[in-house]
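What follows is a short report on a single structure.
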Amino acid sequence: MSDLHAPVLGWYDDNARDLAWRSPSASAWSVMVSEFMLQQTPVARVLPVHERWLERWPTPADLAVEPAGEAVRAWGRLGYPRRALRLHAAARAIVDDHGGEVPRTYAELLALPGIGDYTASAIASFAFGQRHVVLDTNVRRVFARAVGGTELPPPSVTRAERELGAELLPDAPALAATWAVAVMELGALVCTARDPRCDSCPIADRCAWLAAGRPAHDGPPRRGQAWDGTDRQCRGRIMALLRDHDGPVHSSRIDAAWPDATQRERCLASLVADGLITPAGPSAYALP
DNA sequence: CAGGCGTGGGC
DNA sequence: TGCCCAAGCCT
């Protein structure tokens, strides 16, 4: 296990993807927007939306003056549109409480809407070069395999994972930040969830999982998320409808999009409660 | 803490 | 064809 640093850092130097938010000239805001979009959405789908977002709203203040619905519309089909709402709310908080500048400390970042432990660490590390344990699903999978000898990490982050992350983190902040992004990249490109490319892995000779013959995950099977007929599908259908229209959408159109009236009304109510849509007149809805 | 929350691509 | 997954957050 000793010294994963040199091979991983060397591999990253040769194989890192050239992503817009990793450019030396990328702003902290660019990094922050990318982190919101990348929460559960693949890089390939984020790229074009991130580019247009930064062109339109180069700073938090540019977004903060917009109605929230503009953020939801620009979010397009990235999924989980509440993230767009939270990013918009975070931009307003940055203007109101931080002079329009993305805050630099983990605690201040964590206090913003839509930012949890991972995203706060990632922004502090990637945008500001600080030393933080960055634990995302990629890093956790690399740790689970290389150190733990298991195919998959535990269902939720454990104390042991945090301690391991802290132990492996280089002392120098700049190096720690590079290490964090390098391990993440290794998990994204080589140590993938399915069909890992162990033959091109820089730490294959130190990997406990590979040494053990890549044993399959034992333990309870992971819960897949139901989709067909769920409220999520219904909500998604309604949101797509509103995104694709400029003004308010009449209820009759929404009725046509989802026949089950009980479920439809429940979803409309929850979307209103979430702030993703707003009633517009007696029988119409619009983006906020 | 388990469950809810979108969307589309790859195998 | 389904099924699994993709830089999580919030309640």
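Convention: sequence-line order gives letters A, B, ...; per-chain numbering from 1. A quick note: this is a predicted structure, and the numbers were derived from the prediction, not measured.
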A/Val249: hydrophobic cluster co-members (side-chain, 4.5 Å):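 Once heavy-atom contacts under 4.5 Å are chained together, A/Val249 belongs with A/Val72, A/Leu85, A/Ile238, A/Met239, A/Leu241, A/Leu242, A/Ile254, A/Leu268, A/Leu271, A/Val272, A/Leu276, A/Ile277, A/Tyr285, A/Leu287.
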ILVMFWY clustering at 4.5 Å (side-chain atoms), partners of A/Trp227: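 Listed partners: none, A/Trp227 stands alone.
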Interface limits on DNA chain C, where chain A has a heavy atom under 4.0 Å of a nucleotide atom: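 Range of nucleotides within reach of chain A: C/dC4 to C/dC10.
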In [range], which residues come under 4.0 Å of DNA chain C by heavy atom?
range: residues 116-127 of chain A; answer: A/Gly116, A/Asp117, A/Tyr118, A/Thr119
range: residues 12-34 of chain A; answer: A/Arg17, A/Leu19, A/Trp21, A/Arg22
range: residues 249-266 of chain A; answer: none

Sequence-distant partners of A/Arg266, salt bridge (charged side-chain N to carboxylate O under 4.0 Å, His left out), two or more places apart: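 A/Asp231.
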Pull out every protein N or O sitting under 3.5 Å from an N or O of nucleotides 8-11 of chain B, one pair per line with the distance.
from	atom 1	to	atom 2	distance (Å)
B/dG8	OP1	A/Arg77	NE	3.0
B/dG8	OP1	A/Arg77	NH1	3.2

Qualifying ring-ring contact (aromatic ring centres under 6.0 Å, His included) pairs with a residue from residues 61-106 of chain A, counting only residues at least two apart or across chains: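 Qualifying pairs: A/Trp53-A/Trp75, A/Tyr106-A/His132.
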A/Ala174: side-chain contact (heavy atoms from CB on, under 4.5 Å) partners, not counting sequence neighbours: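 side-chain contact (heavy atoms from CB on, under 4.5 Å) check on A/Ala174 returns nothing, list empty.
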Which residues share a side chain to side chain donor-acceptor pair (under 3.5 Å) with A/Arg22, sequence neighbours left out: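 Side chain to side chain donor-acceptor pair (under 3.5 Å) list for A/Arg22, sorted by chain: A/Glu185.
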Near-strand residues of residues 236-247 of chain A, defined as heavy-atom separation under 4.0 angstrom from DNA chain B: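 Of all residues in residues 236-247 of chain A, the ones placing a heavy atom under 4.0 Å from DNA chain B are A/Gly236, A/Arg243.
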